[in-house]
J.: 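Got a structure here, written out as C-alpha cells. Questions coming.
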Amino acid sequence: MSELNPTQVSINSDTGAVSPETGRYIKHLSELEGIYFDGEAWARTLREESDPVVYEVVEFKKQGSDLFFGTTTMQPGKVGDEYYMTRGHFHEDRTKSEVYCTLSGRGLLLLENRQGQCETVEMREGTCAFIPPDWAHRSINCGSEPLVFSWFCSVEAGHDYGQILKQGMRKLCLDRDGEVEMVDNPNFN
Ligand code: F6R
Ligand code: ZN
C-alpha cells in the first residue's frame, strides 16, 4: 500500500469551492433531458433561460486513497413545478455507502432502494445524511438560494445512472403554491 500524507483542503460553504481541487464538471439543463417529469416545460425552460447551469460538482481525490470527497452546488430553479435536481444514481458497487453534509441552502435528499422503499432527508446547514449501500440518491434544491453540500465516498463506488434515467424515481418534488410537496411519480415504471 502506498504511503499517503495528510492534506488540508478548504471548502467554501457558500460557493462550494474546494481548494485544492482535482476535478470538476458543470451540468446545464440541456444535459438533463429526460429526468424532469414535464418534458415540454424542460424544453421551454431551456429556451427561455438560455440553457441555465443546474449544478456543479468539484472534487478532491488523492491518488492511492480509498476515499474522495467534494462539493455539489445546486442553483435554485424549477422546470415547470418541479424543483431543480441532480440526475440521481445508484452506486455501481452496491456495497458502497456515502455521506452528504449540507453547508448552505435548503433542499431534500430523495432516496429509494431496489425494494421500492422511499425516504427523504432534509438538507439544511448542519445536517448530514447517511446514504446506505444500494440506495439511489438524488438531491433537490427546493429553496431560493444555492444549495451547497459536501459528499464523502469510496473511490470504488462508481455511478450507475441507467435505471433512474429509464424509470425515474418513485417520488417527485413539486412546488404547489409555494409549498414543497412530494407526490407519486405517474411516469414511474
Ligand atoms: C457521488 C455523489 C455526488 C453526485 C453529485 C451529482 O457518489 O453522490 O457527488 O454525483 O451530487 O449528482 P448526480 O451524479 O446524480 O448527477
Ligand atoms: Zn453517490
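Counting convention: from 1, in listed order, for ligands and their atoms alike.
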J.: So, do D66 and E156 sit near enough that their side-chain heavy atoms are less than 4.5 Å apart?
T.: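 Counting from C-beta outward, D66 and E156 never come under 4.5 Å.
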J.: Could you go through ligand 1 and list every pair where one of its N or O atoms sits under 3.5 Å from a protein N or O, giving the atom names and the distance to one decimal?
T.:
residue	atom	partner	partner atom	Å
ligand 1	7 (O)	H89	NE2	3.3
ligand 1	7 (O)	H91	NE2	3.1
ligand 1	7 (O)	E98	OE1	2.8
ligand 1	7 (O)	E98	OE2	3.1
ligand 1	8 (O)	H89	NE2	3.1
ligand 1	8 (O)	E98	OE1	3.0
ligand 1	8 (O)	E98	OE2	3.1
ligand 1	8 (O)	Y100	OH	2.6
ligand 1	8 (O)	H137	NE2	3.3
ligand 1	9 (O)	W151	NE1	3.3
ligand 1	10 (O)	H159	NE2	3.4
ligand 1	11 (O)	T72	OG1	2.8
ligand 1	14 (O)	H89	ND1	3.4
ligand 1	14 (O)	Y161	OH	2.5
ligand 1	15 (O)	G88	N	2.9
ligand 1	15 (O)	H89	ND1	2.9
ligand 1	16 (O)	Y55	OH	2.5
ligand 1	16 (O)	R87	N	3.4
ligand 1	16 (O)	R87	NE	2.8
ligand 1	16 (O)	R87	NH2	3.3

J.: Out of K61, K62, Q63, which residue meets the side chain to side chain contact (heavy atoms under 4.5 Å, CB included) rule with T22?
T.: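 Option passing the side chain to side chain contact (heavy atoms under 4.5 Å, CB included) with T22: K61.
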J.: Is there a path of hydrophobic side-chain contacts, each under 4.5 Å between heavy atoms of I, L, V, M, F, W or Y residues, that connects F60 with Y25?
T.: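 No, because F60 and Y25 fall into different hydrophobic clusters, even though each may have its own neighbours under 4.5 Å.
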J.: Between H159 and H91, does any side-chain donor sit less than 3.5 Å from a side-chain acceptor?
T.: no
J.: Are W135 and S97 side-chain neighbours, meaning at least one heavy-atom pair lies under 4.5 Å?
T.: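 No, every pair of side-chain atoms sits at 4.5 Å or beyond.
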J.: Parallel, tilted or perpendicular: which describes the rings of Y36 and Y84, with under 30° parallel and over 60° perpendicular?
T.: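 Y36 and Y84: tilted rings.
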J.: Please give me the protein atoms (N, O or S only) lying under 2.8 Å from the Zn ion (ligand 2), ordered by chain and number.
T.: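 N, O, S partners closer than 2.8 Å: H89 NE2, H91 NE2, E98 OE1, H137 NE2.
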J.: Any heavy-atom pair between the side chains of T127 and E122 that's under 4.5 Å?
T.: no
J.: Does any part of the side chain of E125, heavy atoms only, come nearer than 4.5 Å to the side chain of T102, both counted from C-beta?
T.: no
J.: Flag the pair H89 / R87 as yes when at least one side-chain heavy-atom distance between them is below 4.5 Å, and no otherwise.
T.: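 When only atoms from C-beta onward are counted, R87 and H89 do not touch, as no gap falls below 4.5 Å.
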